S.K.: 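I'd like to ask some things about the structure below.
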Amino acid sequence: MTGAPFPQDPETPRPPAYRPGSAQPRLNRPVHERYPQIRPTSGYGDPRVRHTGPGPGAGTEQEPERSSKLSARLALALTVVIGQLWALTTVVDEWMSGDTGTAWWGAGFLVLSFLVVLGLWLVDPKDR
């Protein structure tokens with residue numbers, strides 16, 4: 001196979017040559033004439049805008065103790081999930097190798113780690 005392009009069908013119409021602008025003169029007007037509702041000061045200089053945001057203190061943590069507690073729980077849960085993924089890989093590898101004893105111990109570890117995450121979820125029901 002060579003990299004030669006296929007010959008063009010002589011009956012296929014060619015696309016028109018690109019030229020900037022539009023064939024419709026009404027679309028070639030400047031932007032401020034096409035969209036009179038957009039003023040140069042729309043937004044920051046608009047007199048209708050009185051406040052720029054939600055106010056002072058927005059976005060700051062209102063309960064830092066709760067936030068740190070949730071962050072610690074999340075970090076612990078993510079660690080357990082990563083451990084579960086590693087254990088699942090090891091268990092499947094051992095099972096496929098024929099070492100079912102080790103695979104059953106790994107399955108027990110997976111169940112235990114699930115119970116740890118479930119316990120973390122049950123610790124504080126008011127945070128849900």
Side-chain angles (χ1 to χ4, degrees):
M1 221 193 243
T2 62
F6 293 105
Q8 288 285 334
D9 185 12
E11 297 171 8
T12 306
R14 298 187 69 170
Y18 172 77
R19 38 171 242 227
S22 174
Q24 301 176 20
R26 66 181 181 83
L27 297 176
N28 291 329
R29 296 177 298 159
V31 174
H32 67 275
E33 289 180 15
R34 282 185 283 164
Y35 303 102
Q37 70 272 23
I38 299 176
R39 297 187 307 257
T41 58
S42 286
Y44 68 92
D46 195 336
R48 295 172 293 178
V49 176
R50 300 197 187 284
H51 302 289
T52 59
T60 60
E61 185 55 53
Q62 303 298 323
E63 298 178 55
E65 295 84 13
R66 180 175 181 267
S67 175
S68 63
K69 184 170 51 171
L70 290 175
S71 296
R73 243 190 276 163
L74 179 65
L76 188 57
L78 287 174
T79 304
V80 170
V81 167
I82 290 170
Q84 284 178 327
L85 290 173
W86 170 80
L88 184 62
T89 304
T90 305
V91 165
V92 169
D93 188 41
E94 292 297 322
W95 184 270
M96 296 304 247
S97 299
D99 189 5
T100 56
T102 306
W104 283 112
W105 279 106
F109 171 77
L110 287 170
V111 170
L112 181 67
S113 63
F114 174 75
L115 292 175
V116 167
V117 172
L118 187 62
L120 286 172
W121 183 71
L122 291 172
V123 166
D124 202 0
K126 67 181 169 83
D127 272 343
R128 283 183 240 132

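Basis for what follows: all heavy atoms, side chains included, without hydrogens, waters or symmetry-related copies. All of these numbers come straight from a predicted model, not from anything done at the bench.
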S.K.: Looking at Phe109 and Gly83, what are the two nearest heavy atoms and their distance?
M.R.: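 Shortest heavy-atom contact: CE2-O, 3.9 Å.
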S.K.: Take Trp86 and Ile82 through the side-chain contact (heavy atoms from CB on, under 4.5 Å) test and state the conclusion after the steps.
M.R.: CA-CA 6 Å; Trp86 170 80; Ile82 290 170; 5.7 Å; no
S.K.: So Gln84 and Leu88, do their side chains get closer than 4.5 Å, heavy atoms only?
M.R.: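 No, their side chains stay 4.5 Å or more apart.
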S.K.: Taking only residues two or more places apart in sequence, or in another chain, which ones meet Thr89 in a side chain to side chain donor-acceptor pair (under 3.5 Å)?
M.R.: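 Applying side chain to side chain donor-acceptor pair (under 3.5 Å) to Thr89 gives none.
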S.K.: CG/Leu74 to OG1/Thr79 distance, rounded to the nearest 0.5 angstrom?
M.R.: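 Rounded to the nearest 0.5 Å, the CG-OG1 separation comes out at 9.0 Å.
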S.K.: Going by the rule side chain to side chain contact (heavy atoms under 4.5 Å, CB included), which residues pair with Thr102 if we only count those two or more places apart in sequence or in a different chain?
M.R.: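 Listed in chain order: Glu94, Asp99.
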S.K.: On a heavy-atom basis, which atom in Leu110 and which in Ala87 lie closest, and how many Å separate them?
M.R.: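 What the structure gives for the nearest pair is CD2-CB, 3.8 Å.
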S.K.: Which other residues belong to the hydrophobic cluster containing Val117, where Ile, Leu, Val, Met, Phe, Trp and Tyr are joined when side-chain heavy atoms lie under 4.5 Å apart, directly or via other members?
M.R.: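 Members besides Val117, by chain and number: Val80, Val116.
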